[in-house]
Amino acid sequence: MNTAIQEIANRYGQLVDLHAHFLKGDPSWFTATIEPSLRGASQVRRAFLPYVLGK
């Protein structure tokens with residue numbers, strides 16, 4: 001599945017690896033096992049922002 005996601009990302013833009021970003025994170029980024037807290041939602045934004053801005 002990851003290979004398919006990578007191929008699609010390469011075709012339409014660039015892959016943003018949220019999984020890797022959250023593995024380096026902090027438990028306060030989650031309200032439950034997979035649900036981001038407000039801080040976690042901000043980290044999703046932080047992961048995507050450089051790609052949106054083209055940096």
Side-chain angles (χ1 to χ4, degrees):
M1 185 64 153
N2 289 340
T3 303
I5 293 169
Q6 179 68 57
E7 289 172 5
I8 292 168
N10 290 339
R11 190 176 321 143
Y12 295 103
Q14 192 167 358
L15 180 71
V16 176
D17 192 348
L18 286 177
H19 182 253
H21 182 74
F22 272 74
L23 284 176
K24 296 182 281 183
D26 173 298
S28 71
W29 293 1
F30 301 96
T31 59
T33 304
I34 62 168
E35 297 296 325
S37 65
L38 289 176
R39 291 185 73 197
S42 182
Q43 289 302 316
V44 172
R45 175 205 51 82
R46 176 176 281 162
F48 276 90
L49 189 60
Y51 300 98
V52 171
L53 297 176
K55 297 179 178 183

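What you see is a predicted model, and the numbers here were worked out from it, not measured in a lab. If you read the sequence from its start, that first residue is 1, and numbering goes on from there.
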Sequence neighbours left out, cut at 3.5 Å: what donor-acceptor pairs do the side chains of residues 20-32 make with other protein atoms?
unit_1, atom_1, unit_2, atom_2, d
His21, NE2, Gln43, OE1, 2.8
Asp26, OD1, Ser28, N, 2.6
Asp26, OD1, Ser28, OG, 2.5
Ser28, OG, Arg39, NH1, 2.7
Thr31, OG1, Glu35, O, 3.3

Handout entry: Cluster link Ile8 to Ile5, ILVMFWY, side chain under 4.5 Å
Key = no
Exercise for the section: Could you tell me whether the side chains of Asn10 and Gln6 share a donor-acceptor contact shorter than 3.5 Å? Expected result: yes
Problem - Leu18 reachable from Met1 in the ILVMFWY side-chain graph, under 4.5 Å edges - result: no
Exercise for the section: Please say whether more than 12 non-hydrogen atoms of neighbouring residues, nucleotides or ligands are located less than 6.0 Å from CZ in Arg46. Expected result: no
Handout entry: Heavy-atom pair of closest approach, residues Gly40 and Pro36
Key = C-CB, 3.9 Å
Exercise for the section: Tell me, please, which residues at least two apart from Glu7 pass side chain to side chain donor-acceptor pair (under 3.5 Å). Expected result: none
